[in-house]
Amino acid sequence: MSLRRPPEPVHLVKQRRDRALAALTEGVPYVGFMGIRFDRRGDELTAVMPYDEKLIGNPTLPALHGGAIASFLEVAAIVELSFQMLWDEIESGDLDVEALGPDALPRLPKTIDFTVDYLRSGLPRDAYARARVNRSGRRYASVHVEAWQDNRQRLFAQATGHFLMPVRDGGEG
Amino acid sequence: MAGEGSDTPETGGDEKARIARQFIEAIPFSKALGMRLEEMGDGVAVISMPYETALVGEPRTGVIHGGAVSALMDTCGGAAVMCHPDAVSATATIDLRIDYMRPATAGERITARAVCYHVTRSVAFVRAEAWDADEGLPVAAATGAFTVQRQSGGEGGK
């Protein structure tokens with residue numbers, strides 16, 4: 001009890017968390033193609049998809065493409081789930097974040113199924129999403145995602161997905 | 001089904017298919033993903049999407065991100081609704097569920113086929129499947145509901 005370690009400097013903690021998050025997003029080409037980035041507050045992530053003309057599905061309204069919305073929600077779900085999966089190792093320092101890169105990413109959860117509920121049309125504006133892991137077992141996880149634009153209370157889409165968790169501690173990097 | 005030389009019983013089937021094709025090719029997001037309309041008519045649409053490294057979701061395997069496959073399924077489902085014989089003038093996705101059965105093989109084109117199997121006054125029901133070069137087991141299957149917006153002023157009889 002008396003041999004408690006001094007608290008780690010805050011900038012080192014933040015740096016490790018940000019490096020791990022960057023590896024999960026910058027290492028995935030489709031995340032870059034969609035222009036999706038993540039804001040982090042502690043372990044809380046908010047996915048942000050800045051408006052881009054190429055995301056439009058109906059030019060006459062105009063409205064975002066259902067597929068762009070589905071992609072945004074699926075990316076938000078996978079990154080949230082992956083970040084949570086790595087969190088304890090990031091905090092303990094067991095995960096070598098410096099070694100993470102596009103070629104050395106931890107194995108990511110695989111989508112089993114994904115159901116998107118389109119509540120209202122997506123406006124030609126920035127979109128935001130937050131995912132909540134409702135259950136995460138050794139093999140399967142269930143994740144819910146909510147997305148909004150101008151008003152947090154007025155969701156424009158939500159989704160639920162099931163994911164197969166990668167084999168960890170199994171030796172494969 | 002009814003493609004170029006359309007054998008749709010209604011008059012104007014060719015014209016309808018041509019308009020719908022131009023419409024799909026004018027969808028910015030579908031264009032950004034390089035989608036190509038292969039067939040469209042009688043509530044059935046076939047759309048394909050090329051393999052692109054920008055669409056990869058798993059860098060170590062080179063497998064396309066599920067989101068891009070969702071986008072293909074969604075576009076294909078909408079196209080199937082648009083070309084249903086009950087003149088639908090516009091549609092939007094209400095919900096879409098995708099089951100990912102196996103990863104698509106890196107480097108291969110993905111082709112989706114959607115069938116609009118039932119239309120009510122206001123809802124269209126769609127089933128879709130997608131394959132890579134191996135036409136045995138699909139890479140993904142989808143079911144969805146779409147809105148039905150009919151031409152204003154008509155009962156949808158044309």
Side-chain angles (χ1 to χ4, degrees), chain A residues 23 26-34 36 52-78 101-108 110-122 157-164 166 172-173, chain B residues 23-35 47 49 52-79 82 89-103 112 139-147 149:
Chain A
E26 288 160 19
V28 180
Y30 193 61
V31 177
F33 173 83
M34 295 295 298
I36 301 168
D52 190 300
E53 257 179 56
K54 80 173 177 194
L55 302 176
I56 289 292
N58 183 334
T60 51
L61 283 178
L64 297 181
H65 194 288
I69 296 166
S71 297
F72 177 49
L73 297 181
E74 196 174 326
V75 165
I78 294 176
D103 303 320
L105 270 187
R107 275 177 194 277
L108 302 177
K110 286 201 177 80
T111 314
I112 298 168
D113 59 55
F114 202 71
T115 307
V116 184
D117 187 2
Y118 297 94
L119 303 170
R120 36 177 69 83
S121 67
Q158 59 182 353
T160 299
H162 296 94
F163 298 85
L164 188 63
E172 290 167 303
Chain B
F23 178 77
I24 283 174
E25 281 165 5
I27 301 169
F29 192 60
S30 303
K31 195 174 154 195
L33 294 177
M35 288 183 205
I47 298 179
M49 183 174 75
E52 281 292 341
T53 51
L55 308 183
V56 166
E58 255 289 359
R60 72 165 78 202
T61 55
V63 170
I64 294 288
H65 197 282
V69 179
S70 286
L72 175 64
M73 292 293 216
D74 186 74
T75 306
C76 199
M82 292 292 292
S89 65
T91 186
T93 322
I94 297 171
D95 87 314
L96 192 70
R97 173 194 163 111
I98 314 244
D99 296 330
Y100 297 99
M101 285 128 80
R102 64 175 173 91
V139 296
T143 52
F146 289 74
T147 63
Q149 286 141 56

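Naming: A, B, ... by sequence-line order, numbering from 1 per chain. Bear in mind the structure is a predicted one, so any value in this text is a computation, not a measurement.
The structure places CZ of Phe163(A) at 8.5 Å from OH of Tyr100(B), a figure rounded to the nearest 0.5 Å. Considering CD1 of Ile78(A) and CD of Glu58(B), their distance stands at 8.5 Å, rounded to 0.5 Å. Rounding to the nearest 0.5 Å gives a distance of 10.5 Å between CZ of Arg97(B) and OG1 of Thr160(A). Note that CZ of Phe33(A) and CD of Glu52(B) are 8.5 Å apart. Values are rounded to the nearest 0.5 Å. Here the OG atom belonging to Ser71(A) is positioned 9.5 Å from the CG atom belonging to Asp74(B), to the nearest 0.5 angstrom.
Contacts of Asp117(A) classified as salt bridge (charged side-chain N to carboxylate O under 4.0 Å, His left out), with partners at least two apart in sequence or in another chain: none. Checked against side chain to side chain contact (heavy atoms under 4.5 Å, CB included), Thr53(B) has the following partners two or more places apart in sequence or in another chain: Tyr51(B).
Other residues, nucleotides and ligands contribute only 12 or fewer heavy atoms inside 6.0 Å of the CD atom of Glu53(A).
Taking Ile69(A), Asp52(A), Leu108(A) one by one and counting their heavy-atom pairs under 4.5 Å with chain B, the maximum is reached by Leu108(A). Ranked by heavy-atom pairs under 4.5 Å with chain B, the first of His65(A), His162(A), Lys110(A) is His65(A). Of the residues considered (Val63(B), Val56(B), Asp99(B)), Val56(B) shows the highest number of contacts with chain A, using heavy-atom pairs under 4.5 Å. For the set Gly66(A), Ser121(A), Ala159(A), Ala157(A), the entry with the most heavy-atom pairs within less than 4.5 Å of chain B is Gly66(A).
For Leu55(A), the parts sitting under 4.5 Å from any heavy atom of chain B are the backbone and the side chain alike. Looking at Ile94(B), the atoms closer than 4.5 Å to chain A (heavy atoms on both sides) all sit in the backbone: N, CA, C or O. For Ala92(B), no part lies near chain A; criterion is any non-hydrogen pair under 4.5 Å.
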Report task. Report the C-alpha separation of Lys31(B) and Lys54(A) in whole Å, then their side-chain angles, then the decisive distance to 0.1 Å, and conclude whether the side chain to side chain contact (heavy atoms under 4.5 Å, CB included) test is met. Result -> CA-CA 8 Å; Lys31(B) 195 174 154 195; Lys54(A) 80 173 177 194; over 6 Å; no
Requested in this report: Start with the C-alpha distance between Ile98(B) and Asp113(A), add both sets of side-chain angles, then the distance that settles side chain to side chain contact (heavy atoms under 4.5 Å, CB included), and finish with yes or no.
Outcome: CA-CA 5 Å; Ile98(B) 314 244; Asp113(A) 59 55; over 6 Å; no
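The two residues Pro28(B) and Ile56(A) make their nearest non-hydrogen contact at CD-O, 3.4 Å. Nearest heavy-atom pair across Leu33(B) and Tyr30(A) is CD2-CE1, 4.3 Å. The shortest heavy-atom contact between Pro59(B) and Gly27(A) is CG-O, 2.9 Å.
Met34(A) is not listed as a side-chain neighbour of His65(B), based on a closest heavy-atom distance of 4.5 Å or more.
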